[in-house]
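This report concerns only the one structure given below.
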Amino acid sequence: MELRICFLYGGLMNIYGDRGNVIALAKRAQWRGIAPIVKIINPGDPIDPDYFDVFVFGGGQDKEQYVAARDLQELNGERLRVAVDYGAVVLAVCGGYQLLGLYYQPWNAPRIEGVGLINSYTIAGNERFIGNVIVDSPYGKLVGFENHSGLTYLGEGVEPLGEVLKGKGNNGTDGTEGVISGTVFGTYMHGPILPKNHLLTDHILGLALSRRYGKIELSKLDDDFEVLAHDIAAARPR
Ligand code: GLN
């Protein structure tokens with residue numbers, strides 16, 4: 001078996017260790033005898049919608065978001081939507097998460113149209129949320145680090161990834177963090193999120209593999225280091 005991973009705009013949208021999400025998926029596949037294939041899609045490279053099992057889309061500041069959004073509008077947004085129709089899984093973090101919604105309205109700057117894969121919208125606030133985060137989710141207590149001023153609001157038909165136990169999450173007011181919309185996962189958690197939240201990583205991995213191989217039972221791994229990393233992050237102050 002192989003796992004085809006797309007690091008979407010990896011040279012552009014990659015802050016606070018987001019590339020670690022690609023490494024975590026690749027390693028947890030490899031440790032189970034599944035061969036990971038990682039390709040970076042840069043602006044201007046067309047996505048083959050039938051090829052990838054999982055897309056990892058990292059964060060970036062507004063400047064990078066404009067570049068990524070332009071490519072999504074002109075070339076790859078529709079291709080990404082078709083890939084998701086074909087069962088691909090997406091993990092989008094922060095700036096990437098904002099771009100998969102309906103729109104992102106930056107502070108005093110033109111609105112950025114989103115891909116519309118997630119029924120959500122984001123408006124820049126005048127406060128920056130910076131600090132460690134803990135989220136109660138179906139995949140255990142997720143730990144991560146947030147740094148954003150965008151406030152994201154979820155619409156009908158989507159679920160939050162979880163409930164904020166520490167930190168601000170989507171908007172600092174409704175207690176939600178992230179989103180699950182079919183096979184699309186969005187979150188504000190960097191750090192990166194996947195290496196120290198292995199239950200979420202394996203959920204995404206299983207879902208991605210099921211696209212071409214059907215439901216498979218993932219073999220158990222020794223998760224001592226992942227659990228240790230998680231627990232150290234969870235014990236950090238805000
Ligand atoms: N520019 C966005 C914000 O601050 C995204 C930041 C990020 O990806 N860390 O809301």
Side-chain angles (χ1 to χ4, degrees), residues 6-22 24 40-43 55-73 76-77 80 90-135 142-155 160-161 164 166-179 181 184-197 200 233 236 238:
C6 175
F7 189 14
L8 188 56
Y9 310 128
L12 184 72
M13 301 287 286
N14 172 30
I15 49 173
Y16 312 120
D18 288 338
R19 190 173 75 95
N21 295 325
V22 173
I40 296 181
I41 290 281
N42 294 305
F55 291 82
V56 177
F57 191 4
Q61 297 307 330
D62 295 13
K63 194 170 145 236
E64 288 88 35
Q65 283 181 284
Y66 277 106
V67 179
R70 190 169 176 175
D71 186 72
L72 288 168
Q73 275 153 33
N76 276 318
L80 186 60
V90 181
L91 172 69
V93 180
C94 200
Y97 169 30
Q98 294 171 350
L99 292 183
L100 296 190
L102 300 171
Y103 64 85
Y104 167 44
Q105 177 60 62
W107 191 260
N108 267 339
R111 174 178 287 199
I112 301 179
E113 292 305 322
V115 176
L117 264 173
I118 303 168
N119 186 13
S120 64
Y121 62 92
T122 303
I123 300 176
N126 57 6
E127 186 191 347
R128 186 155 275 275
F129 298 154
I130 305 173
N132 294 311
V133 182
I134 304 181
V135 171
L142 304 175
V143 293
F145 167 79
E146 65 183 336
N147 184 350
H148 59 107
S149 59
L151 308 173
T152 298
Y153 299 92
L154 305 180
L161 176 60
V164 176
K166 177 160 77 186
K168 300 290 187 176
N170 281 333
N171 50 56
T173 50
D174 68 11
T176 65
E177 207 298 316
V179 72
S181 175
V184 179
F185 296 76
T187 181
Y188 274 107
M189 285 189 279
H190 300 278
I193 182 172
L194 293 187
K196 48 190 179 296
N197 295 290
L200 176 62
R236 283 189 187 132
R238 166 75 176 158

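In listed order, ligands and their atoms are each counted from 1.
Asp62 and Tyr104 form a side-chain donor-acceptor contact under 3.5 Å, judged by distance and modelled atom types alone. Between the side chains of Thr152 and Gln98, no donor-acceptor pair of N or O atoms lies under 3.5 Å.
Using a 4.0 Å cut-off to heavy atoms of His190, the atoms of ligand 1 that qualify are 9 (N). Residue Gly150 has at least one heavy-atom neighbour below 4.0 Å for each of these atoms of ligand 1: 3 (C), 10 (O). The atoms of ligand 1 that sit less than 4.0 Å from any heavy atom of Asp62 are 1 (N), 2 (C). Those atoms of ligand 1 with a heavy atom of Gln65 less than 4.0 angstrom away are 1 (N), 2 (C), 5 (C). Listed by atom number, the atoms of ligand 1 under 4.0 Å from Asn147 heavy atoms are 6 (C), 7 (C), 9 (N). Atoms of ligand 1 found under 4.0 Å from any heavy atom of Arg128 (numbered from 1 in listed order, with element): 4 (O).
The closest heavy-atom contact to atom 5 (C) of ligand 1, among the options Gly60, Ala92, Gly59, comes from Gly60.
Between His190 and Phe145, the ring-plane angle classifies as tilted under the 30° and 60° cut-offs.
In this structure, Asn119 contributes its side chain and Gly155 its backbone to no donor-acceptor pair below 3.5 Å. Side-chain atoms of Asn14 never come within 3.5 Å of backbone atoms of Gly58 as a donor-acceptor pair (strictly under, hydrogens ignored). Without hydrogens or angle criteria, His148 side chain to Asn171 main chain gives no donor-acceptor distance under 3.5 Å.
Within the structure, ligand 1 has Gln98 among the residues with a heavy atom less than 4.0 angstrom away.
Considering backbone and side-chain N/O of His148, none are found under 3.5 Å from N/O of ligand 1. Residue Tyr16 has no N or O atom closer than 3.5 Å to an N or O atom of ligand 1. Inclusion of Gly95 in the set of residues having an N or O under 3.5 Å from an N or O of ligand 1 is warranted. When only interatomic distances are considered, the shortest N/O to N/O separation between Cys94 and ligand 1 does not fall below 3.5 Å.
Contact check on Glu146 versus Arg238 returns a salt bridge, with a Lys/Arg side-chain nitrogen under 4.0 Å from an Asp/Glu carboxylate oxygen.
Within the model, atoms OG1 of Thr122 and OH of Tyr153 stand 9.5 Å from one another, a figure rounded to the nearest 0.5 Å.
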